[in-house]
Amino acid sequence: MAKLALINREQKRRQTVRKFAARRSELMALIANPKLAPEERYEARMSLQKLPRNASPVRLRNRCALTGRARGVFRKFGLARGKLRDIAMRGEIPGVIKASW
């Protein structure tokens with residue numbers, strides 16, 4: 001199981017991303033607009049840089065919902081490979097069966 005501090009840090013990042021999502025999208029639209037004056041685009045870029053680093057969705061990390069493991073997480077299930085395998089072997093995930101050929 002991952003350290004509780006790492007899991008809490010990730011939750012805090014997700015909240016920050018949600019909080020600044022609208023502002024970031026507005027600034028990104030201004031930066032990408034070629035009709036604006038270069039000074040206005042520059043100001044938008046500067047205000048984007050003043051936002052917290054954790055407001056960027058790139059800094060998010062997918063973690064297992066049960067264990068908090070950061071690697072080997074299947075997006076469809078939100079589980080790490082080990083827990084996914086355990087749950088699938090018990091037959092608790094509909095439509096998932098062990099491969100055999």
Side-chain angles (χ1 to χ4, degrees):
M1 180 130 178
K3 290 184 180 180
L4 193 59
L6 297 176
I7 296 170
N8 291 339
R9 185 185 309 157
E10 186 63 31
Q11 289 175 350
K12 189 176 177 182
R13 277 190 185 135
R14 290 191 184 278
Q15 290 173 352
T16 308
V17 167
R18 270 196 303 273
K19 180 179 176 182
F20 289 99
R23 180 71 180 140
R24 279 185 60 84
S25 62
E26 290 171 8
L27 291 172
M28 294 298 280
L30 290 175
I31 291 169
N33 188 356
K35 294 180 180 179
L36 288 179
E39 295 82 20
E40 294 175 358
R41 293 172 70 186
Y42 179 77
E43 288 299 321
R45 190 171 290 121
M46 289 297 115
S47 31
L48 181 67
Q49 288 181 356
K50 288 179 184 174
L51 293 179
R53 284 187 176 189
N54 286 338
S56 174
V58 173
R59 293 175 66 96
L60 294 178
R61 181 79 187 210
N62 289 334
R63 291 193 171 268
C64 177
L66 299 178
T67 63
R69 181 180 168 88
R71 296 177 180 231
V73 177
F74 285 77
R75 288 182 184 186
K76 184 174 182 179
F77 303 104
L79 299 172
R81 56 186 171 80
K83 287 296 174 184
L84 178 65
R85 183 176 188 271
D86 293 342
I87 293 173
M89 289 296 186
R90 288 193 304 248
E92 296 178 5
I93 302 176
V96 176
I97 57 171
K98 184 177 181 219
S100 60
W101 58 92

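All values below were derived from every heavy atom in this structure, side-chain atoms included, with hydrogens, water molecules and symmetry-related copies excluded.
One finds the CZ atom of Arg53 at 14.0 Å from the OG1 atom of Thr16 (value rounded to the nearest 0.5 Å). Once rounded to the nearest 0.5 Å, the distance linking CZ of Arg45 with CZ of Arg41 reads 6.5 Å. To the nearest 0.5 Å, the span separating CE on Met46 from NZ on Lys50 amounts to 8.5 Å. Atom CD1 of Ile7 is separated from atom CE of Met1 by 4.5 Å, given to the nearest 0.5 angstrom. Atom CG of residue Leu79 and atom CZ of residue Arg85 lie 14.5 Å apart, to the nearest 0.5 angstrom. Distance check: Arg59 CZ to Asn54 CG gives 4.5 Å after rounding to the nearest 0.5 Å.
Residue Met89 places its CE atom among more than 12 non-hydrogen atoms of other residues, nucleotides or ligands, all under 6.0 Å distant. Around atom CZ of Arg90, more than 12 heavy atoms belonging to other residues, nucleotides or ligands sit under 6.0 Å away.
A 4.5 Å side-chain heavy-atom check between Val17 and Arg14 finds every atom pair outside the cut-off. Contact check for Val96 versus Phe77: side-chain heavy atoms found under the 4.5 Å cut-off. By the 4.5 Å heavy-atom criterion applied to side chains, Arg13 and Glu10 are counted as neighbours.
Taking both residues in full, the closest heavy atoms of Ala44 and Ser47 are given as O-OG, 3.1 Å, listed atom of the first, atom of the second, then distance. Shortest non-hydrogen contact noted between Cys64 and Val73 is N-CG2, 3.7 Å. Residues Ala88 and Ile93 come closest through the heavy atom pair N-CD1, 4.2 Å.
Follow the hydrophobic side-chain contacts under 4.5 Å out from Leu48 and you never reach Tyr42; the two are in separate clusters. Both Leu84 and Leu66 are part of a single hydrophobic cluster, where members link through side-chain heavy atoms under 4.5 Å apart.
Judged purely by atom type and a 3.5 angstrom limit, Arg63 has no side-chain atom pairing as donor or acceptor with the backbone of Arg69.
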